[in-house]
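Data first, discussion second: the structure below is written as structure tokens.
Convention: sequence-line order gives letters A, B, ...; per-chain numbering from 1. All figures in this text were calculated on a predicted structure; none of them were measured in a lab.
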Amino acid sequence: MSNFPSVKPSSRAWTPGTRSQSLYQSLDGIEIRFIHGSRVTGQRLTLVFENVTDTVGKSITDHYADNGTTFGIFDLPAEVYAGMTSYAHINSATNAWRYFSPPQVSFLTPGFQTVSVELLGVAA
Amino acid sequence: MAKHFTGSDGALYVGGTHIAKIRNWSLNGSVETLDVTRTDDTARKFIYGRQTYSGSCTALYYEDDAGALEMNTMLSNIIRTSGTSATATATLLLQLASDRQIQATVLFTSADISASTGEIVSVNLGFQVSGNLSIATMGAA
């Protein structure tokens, strides 16, 4: 399993995931839910790398391509969590990440670009 | 020899022609900044981005002996009966001394002509520099 490039983001947004569950609803509206596992999946992590050099930006889009775009799973290095002293609750050892959608790249001043990626937490 | 410069040192050339009837000129240069702050920084960090230059001048509305308008090249792309060519530019040289110059390709973007009783007719012109400066010895050591 590959590692995401060691680049510190400009901003980071995290949405916690959910535990796998089934829902049964009776005719009178009462819900019964069954939990199927202990893992939390489906986390979303949005990373924005603002005004990085073209070389750094390319390392991210190359990683996306080398991972089979949204197919492969990978780990995130500590740099992605720069500024956080504790991030185990986001980066669970039993989870990996997958690209939820293709990276978005904006080309700005020559030699620099802004890259944003949205990642999906999956069980690994 | 140490010296200050005064307004009388200032000169303005358009397309290599010295525009003699200039009352004043000014040039503003700025450089944008790119935010490169990362999530573990406690203060914002910036690097230089693109430069932008624009300026203005005031020229006296003056005809020479032959009846030609000296500032024709500065006005003709603004005061006209047809659309301005998208590629129309002029070469502007601002000078304090022969070794203190700024030269650039400019687009004259505004012309404010005013005629008042008891005063010489003058034109305030605004210009936008297109691209990098071709001479920038006014900022050199």
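Separation of atoms CE (Met84(A)) and OG1 (Thr39(B)) is listed at 9.0 Å; rounding is to 0.5 Å. Here Leu34(B) contributes atom CG and Thr109(A) contributes atom OG1; the two are 4.0 Å apart, rounded to the nearest 0.5 Å.
Interface summary for chain B: among Pro110(A), Ala82(A), Gly83(A), the most heavy-atom pairs under 4.5 angstrom belong to Ala82(A).
Side-chain heavy atoms closer than 4.5 Å link hydrophobic residues (I, L, V, M, F, W, Y) into clusters, and following such links, possibly through other members, connects Tyr81(A) to Leu47(A). Leu75(B) and Leu92(B) fall within a single hydrophobic cluster, where Ile, Leu, Val, Met, Phe, Trp and Tyr are joined by side-chain heavy atoms under 4.5 Å apart, directly or via other members.
Within a 6.0 Å sphere centred on CZ of Arg80(B), heavy atoms belonging to other residues, nucleotides or ligands number more than 12. Within 6.0 Å of OH in Tyr64(A) there are more than 12 heavy atoms belonging to other residues, nucleotides or ligands. Environment of CG in Asp65(B): sparse, with no more than 12 heavy atoms of neighbouring residues, nucleotides or ligands closer than 6.0 Å. The environment of CD in Gln104(A) is sparse: at most 12 heavy-atom neighbours from other residues, nucleotides or ligands sit within 6.0 Å. Heavy atoms of other residues, nucleotides or ligands lying less than 6.0 angstrom from CG of Leu69(B) number more than 12.
Using a 4.5 Å cut-off between heavy atoms, Ser10(A) touches chain B through backbone and side chain atoms alike. Looking at Thr37(B), only its backbone comes within 4.5 Å of chain A, counting heavy atoms on both sides.
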| Stepwise, does the side-chain contact (heavy atoms from CB on, under 4.5 Å) test hold for Arg38(B) with Val52(A)? | CA-CA 10 Å; Arg38(B) 300 298 172 230; Val52(A) 292; 3.2 Å; yes
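Closest heavy-atom contact between Asp40(B) and Lys8(A): OD2-NZ, 2.7 Å.
With contacts defined as side-chain heavy-atom distances shorter than 4.5 Å, the pair Val36(B)/Phe112(A) does not qualify.
Here the side chain of Asn51(A) pairs a donor or acceptor atom with the backbone of Asp35(B) at under 3.5 angstrom.
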